[in-house]
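What you see is a predicted model, and the numbers here were worked out from it, not measured in a lab. Lettering follows sequence order; numbering is per chain, from 1.
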Number of protein chains: 2
Amino acid sequence: MFFLQSCLLVLLHREPGYGYSLMSGLTEFGFEAGQMDISILYRVLRDLEAAQLVSSAWDENSLGPKRRVYTITAEGEARLNDWMQLLRQRRRHIETLEAAYDTVNKSD
Amino acid sequence: MFFLQSCLLVLLHREPGYGYSLMSGLTEFGFEAGQMDISILYRVLRDLEAAQLVSSAWDENSLGPKRRVYTITAEGEARLNDWMQLLRQRRRHIETLEAAYDTVNKSD
DNA sequence: CAATCTATAGACCGAATGTCAATAGACTAT
DNA sequence: ATAGTCTATTGACATTCGGTCTATAGATTG
């Protein structure tokens with residue numbers, strides 16, 4: 001699925017971020033703390049970079065270990081737009097299913 | 001995901017059905033004709049039966065080859081209820097993401 | 001009785017996902 | 001200063017899932 005990918009791109013659409021900051025940013029979109037494995041997130045970030053939807057650079061002047069800071073690319077913005085349209089479709093399909101289920105329930 | 005599973009259970013929630021009839025019933029929920037492979041559907045039906053969410057029996061008096069007719073079980077109804085709640089959550093999360101994306105876009 | 005159609009079943013493969021360490025540098029405290 | 005802990009990232013392995021393709025088998029049709 002591309003829901004996680006879309007969430008990350010929306011966060012990066014706002015401002016650049018690194019692994020852990022994006023991790024905590026995800027709670028906004030329904031990812032419960034601890035539910036999401038950080039390894040998965042890093043892998044998705046690498047995949048997004050391989051697809052040239054984001055670019056990364058080491059943040060030299062941050063406390064602690066260096067952070068790989070990700071920035072969304074123009075291509076990433078375009079892809080995000082596509083994905084948001086697909087998610088809108090997906091939402092409508094869920095609504096249709098909900099309606100169908102509720103209808104049958106009412107007539108019981 | 002359990003979207004396809006939920007669609008099938010909603011259809012069986014209405015009335016019993018077999019592979020091909022369920023296949024055409026899916027168009028209602030956004031599956032375009034020919035997009036969905038019938039093999040996948042049969043496998044999901046077998047999985048649902050293995051999980052005891054549906055039960056099946058051969059329809060002896062139908063034209064052509066015998067049809068395996070599926071019926072939703074009580075356990076299946078309960079599970080469908082759970083899944084519908086999860087799908088409602090998922091829809092809300094998509095709405096949240098859409099709102100976040102649109103907000104940033106407006107302020108550009 | 002050969003060909004075709006409907007219906008179901010099974011095998012295989014690759015992509016996506018989850019889980020679990022492993023690394024490595026920076027900070028903290030004794 | 002050095003052992004221990006914390007932050008941040010990376011990599012390896014195992015499982016699950018979806019997609020595709022082929023096989024079977026009986027029914028119908030010409």
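One can place CG of B:Asp59 at 11 Å from P of C:dA7, the figure rounded to the nearest angstrom. At whole-Å resolution of the value, CG in B:Leu48 and P in C:dA9 are 13 Å apart. Between B:Asp47 atom CG and C:dT8 atom P there is a gap of 16 Å when expressed in whole angstrom units. Distance, A:Ile38 CD1 to C:dA21 C1': 15 Å, rounded to whole Å. The interatomic distance linking B:Arg67 (CZ) with D:dT28 (C1') rounds to 14 Å, in whole Å. Per the geometry, CG belonging to A:Leu41 stands 15 Å off C1' belonging to D:dT7, to the nearest Å. Distance, B:Leu63 CG to D:dG26 C1': 13 Å, rounded to whole Å. The NZ-C1' distance, from B:Lys66 to D:dT24, rounds to 15 Å in whole Å.
The salt bridge (Lys or Arg N to Asp or Glu O under 4.0 Å) analysis of residues 56-66 of chain B, with sequence neighbours excluded, yields the pairs B:Glu60-B:Lys66.
At distances below 3.5 Å, at least one donor-acceptor pair connects side-chain atoms of B:Gln35 with backbone N or O atoms of B:Glu32. At distances below 3.5 Å, not a single donor-acceptor pair connects side-chain atoms of B:Ser21 with backbone N or O atoms of B:Gly17.
To the nearest 0.5 Å, atom CZ of residue A:Arg68 and atom CH2 of residue A:Trp58 are 4.5 Å apart. Here A:Phe31 contributes atom CZ and B:His93 contributes atom NE2; the two are 8.5 Å apart, rounded to the nearest 0.5 Å.
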What protein N or O atoms touch nucleotides 11-17 of chain D N or O atoms at under 3.5 angstrom, if any, and at what distances?
{"from": "D:dG11", "atom 1": "O6", "to": "A:Ser39", "atom 2": "OG", "distance (Å)": "3.3"}

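Taking only side-chain nitrogens and oxygens, B:Tyr18 comes nearer than 4.0 Å to OP1 or OP2 of C:dA7. Proximity of A:Tyr42 to the phosphate of D:dT10: no side-chain N or O atom is located under 4.0 Å from OP1 or OP2. For C:dT8, neither phosphate oxygen OP1 nor OP2 lies less than 4.0 angstrom from any side-chain nitrogen or oxygen of B:Arg68.
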Practice prompt. Before giving the answer on side chain to side chain contact (heavy atoms under 4.5 Å, CB included), spell out for B:Leu97 and A:Met84 the whole-Å C-alpha distance, their side-chain angles and the decisive distance to 0.1 Å.
Written response: CA-CA 9 Å; B:Leu97 188 65; A:Met84 289 310 297; 4.1 Å; yes
Worksheet entry | Residues A:Glu28, A:Arg14; criterion salt bridge (Lys or Arg N to Asp or Glu O under 4.0 Å); working and verdict | CA-CA 13 Å; A:Glu28 183 182 339; A:Arg14 285 187 191 150; 2.6 Å; yes
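Side-chain contact check for B:Leu8 versus B:Phe29: every heavy-atom pair is 4.5 Å or farther apart.
Two residues, A:Phe2 and A:Pro65, neighbour DNA chain C, and the one matched to the more 5' nucleotide by heavy-atom proximity is A:Phe2. Mapping A:Trp58 and B:Ser62 onto DNA chain D by nearest heavy atom places A:Trp58 closer to the 5' end of the strand.
The side chain of A:Ile40 approaches C:dT19 more closely than any other nucleotide in the set C:dT19, C:dT6, D:dC21. With D:dG26, D:dA8, D:dT20 as the candidates, the nucleotide lying closest to the side chain of B:Asp37 is D:dT20.
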Discussion item. Just to be sure I follow the notation: if a pair is Watson-Crick (purine N1 to pyrimidine N3 plus N6-O4 or O6-N4) or a G-U wobble (N1-O2 and O6-N3), each under 3.5 Å, what dot-bracket string does DNA chain D give, with | for pairs to another strand?
Written reply: ||||||||||||||||||||||||||||||
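When every heavy atom of B:Thr73 is checked against every heavy atom of B:Ser55, the shortest pair comes out as CG2-N, 3.8 Å. In plain terms, the two heavy atoms of B:Cys7 and B:Leu26 that are nearest each other are CB-CD2, 3.6 Å.
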